[in-house]
Amino acid sequence: MLVETLFAAAPRPGFTDPVMQSQAVFRAVMAALAEPGTVHALAEDITAAIDAPAPITPAAAAILLALADYETPIYLDEAARCGDVAAFLAFHCGSRITDIAADAAFALIADATALDRLDLFAQGSLEYPDRSTTLIVQVAELGDVPGEGAVRLTLAGPGIADTARIAFGPVHPGFVAALTDNRARFPQGADLILTDGTRLVGLPRTTRIEEEVF
Amino acid sequence: MSTTATATTPYNYAYLDEQTKRMIRRAILKAIAIPGYQVPFASREMPMPYGWGTGGVQVTASIIGPTDTLKVIDQGSDDTTNAVSIRKFFQKTAAVAVTTSTSAATIIQTRHRIPETPLTAGQVLVFQVPTPEPLRFLEPRETETRKMHALAEYGLMHVKLYEDIAKHGRIAKTYDYPTMVAGRYLMAPSPTPKFDNPKMHRSPALQLFGAGREKRIYAVPPHTDVVSLDFDDYPFEVNKFDRPCALCGAENVYLDEVILDDRGGRMFVCSDTDHCETRRAEGHRGEILGQEETRA
Ligand SMILES: [Zn+2]
């Protein structure tokens, strides 16, 4: 990217207090991945301050601003490859934007209805299963009564006392199967953070899922 | 700019620079996603020697925020030089509230012990780990131990424990007793006494382990199985203490021997000082304080 392109327009604002807001966002992400299925809201002063270019939502932007940098290539799905998204992330995170899912430390999925595979993302190796992609998946609905195209899941595994339930969507019809395949590759696999724009839910590779019919 | 002291002090909030924190935070998230697996990280120099728990300090520095309340224990005590220094370090660099109360803390950094008071949901227990690799004493080569974890080839560890039984009639390890996490990874609770192993099993708290010198971070999410290795004919047993605490009368707690005088006088008291003080404040009295009759 040319420097003049990057600075053609003033970059939209990110965190107003990067040190403290990064810490707060990280703690929400940590709690979400430690207890899959629990819903964690980001503080309003964080989501309100971030003026992320569409279609990236404030929460998805906050996660990347808190965790991504020049060491972590970011993959954008097709829906996110538009407007100022790449320039915004390059400016605030200093990350390289990649078109290759398998190279990505983070992936921003702006359109969950197009996400039907997780095995194209970095899976880590058996020796280094940590070298895998963390996907940030934007969904319209999260945690509430599911609407059309949404799924309701029963979750079990590390971080969950007995079982947990979560609904979200809309997602691709193959999304649940992709999650099940991802679990089957453990200890390799991708980790997911679902977000509706202000709240987040973690779905690490350890989580066993069962789809509920409703 | 940060809203806290960072503008007027020569270091960043919680000492570490933001790039280092992000790197450690990413390692912590992957550690949570792969329970018991040791995530490599680029450990930084800290303003304290390695033996002082630099791994735990880096983990705490990367997670802590101004709304946290921090407790630091060393051998169960809040008052050792090590615990006091680390507590002061975070008071100074992270403007954080501190406590000695287990139940009041949101983050507890520890070397050696897990508090007797059961931990609760939302709490984070950070362990300072000297030797993260449970297989290292069997296999010195990192490439080999990594392969063993990759394939879950843990037969050697079972053989070693069984040799202990053949030699001593029991498994000799009293601390750093190996565990299986979520049925997949062999994990070293180094240097925690095996007395505390059952407290890790399905704890509602998040447990994070930081090894500074060895540059490893690992984790046990809440409600996760942590099973101590054993055999059908030699089941895992915790260290038993044949007496209650001399000060608070607590039973089934981890006791430390305290020398009273130079004529061989000694007593056994709770290693968890907060637990002991809380019980005494509630009126419990041990042998040396005049037994249960004086209970308020
Ligand atoms: Zn006591």
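On a predicted model such as this, the values are computed, not experimentally measured, just so you know. Protein chains get the first letters and strands the later ones, always in sequence-line order, with residue 1 at the start of each.
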Using a cut-off of under 4.5 Å for heavy-atom pairs, which of [options] has the most such pairs with chain B?
options	result
A/Phe186, A/Phe15, A/Tyr128	A/Tyr128
A/Leu33, A/Val29, A/Asp69, A/Asp191	A/Asp69
A/Pro204, A/Ala66, A/Ala34	A/Ala34
A/Ser125, A/Ala24, A/Ser132	A/Ser132
A/Gly202, A/Gly159, A/Ala31	A/Gly159

Measure [X] against the heavy atoms of chain B and call it side chain, backbone, both or neither at under 4.5 Å.
X	value
A/Gln23	both
A/Thr72	side chain
A/Ile160	backbone
A/Thr207	neither

Taking all non-hydrogen atoms of both residues into account, name the closest pair between [X] and [Y] and its distance.
X	Y	answer
B/His223	B/Pro204	CE1-CA, 3.9 Å
B/Ala150	A/Leu126	CB-O, 3.5 Å
B/Pro189	B/Asn197	CG-OD1, 3.7 Å
B/Gln58	B/Phe41	OE1-CE1, 3.7 Å

Please look at [X] and chain A and tell me whether the side chain, the backbone, both or neither of the residue comes under 4.5 angstrom of a heavy atom of that chain.
X	result
B/Arg202	neither
B/Leu206	side chain
B/Asp68	side chain
B/Val181	neither
B/Ser62	backbone
B/Leu16	neither

Residue from B/Thr224, B/Val227, B/Val220, B/Thr192 passing side-chain contact (heavy atoms from CB on, under 4.5 Å) with B/Met200:
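Per the side-chain contact (heavy atoms from CB on, under 4.5 Å) rule, the option paired with B/Met200 is B/Thr192, out of B/Thr224, B/Val227, B/Val220, B/Thr192.
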Heavy atoms, side chains only, cut-off 4.5 Å: are [X] and [Y] in contact?
X	Y	result
A/Val137	A/Leu115	yes
A/Thr198	A/Leu42	no
B/Ser190	B/Arg136	no
A/Tyr75	A/Asp103	no

Closest-packed option against chain A by number of heavy-atom pairs under 4.5 Å, given B/Lys21, B/Glu18, B/Arg25:
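Ranked by heavy-atom pairs under 4.5 Å with chain A, first place is B/Arg25.
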One thing to verify: whether B/Glu133 and B/Arg216 come together as a salt bridge, which I'm taking to mean a side-chain N less than 4.0 angstrom from a carboxylate O.
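Looking at B/Arg216 and B/Glu133, the cut-off is not met.
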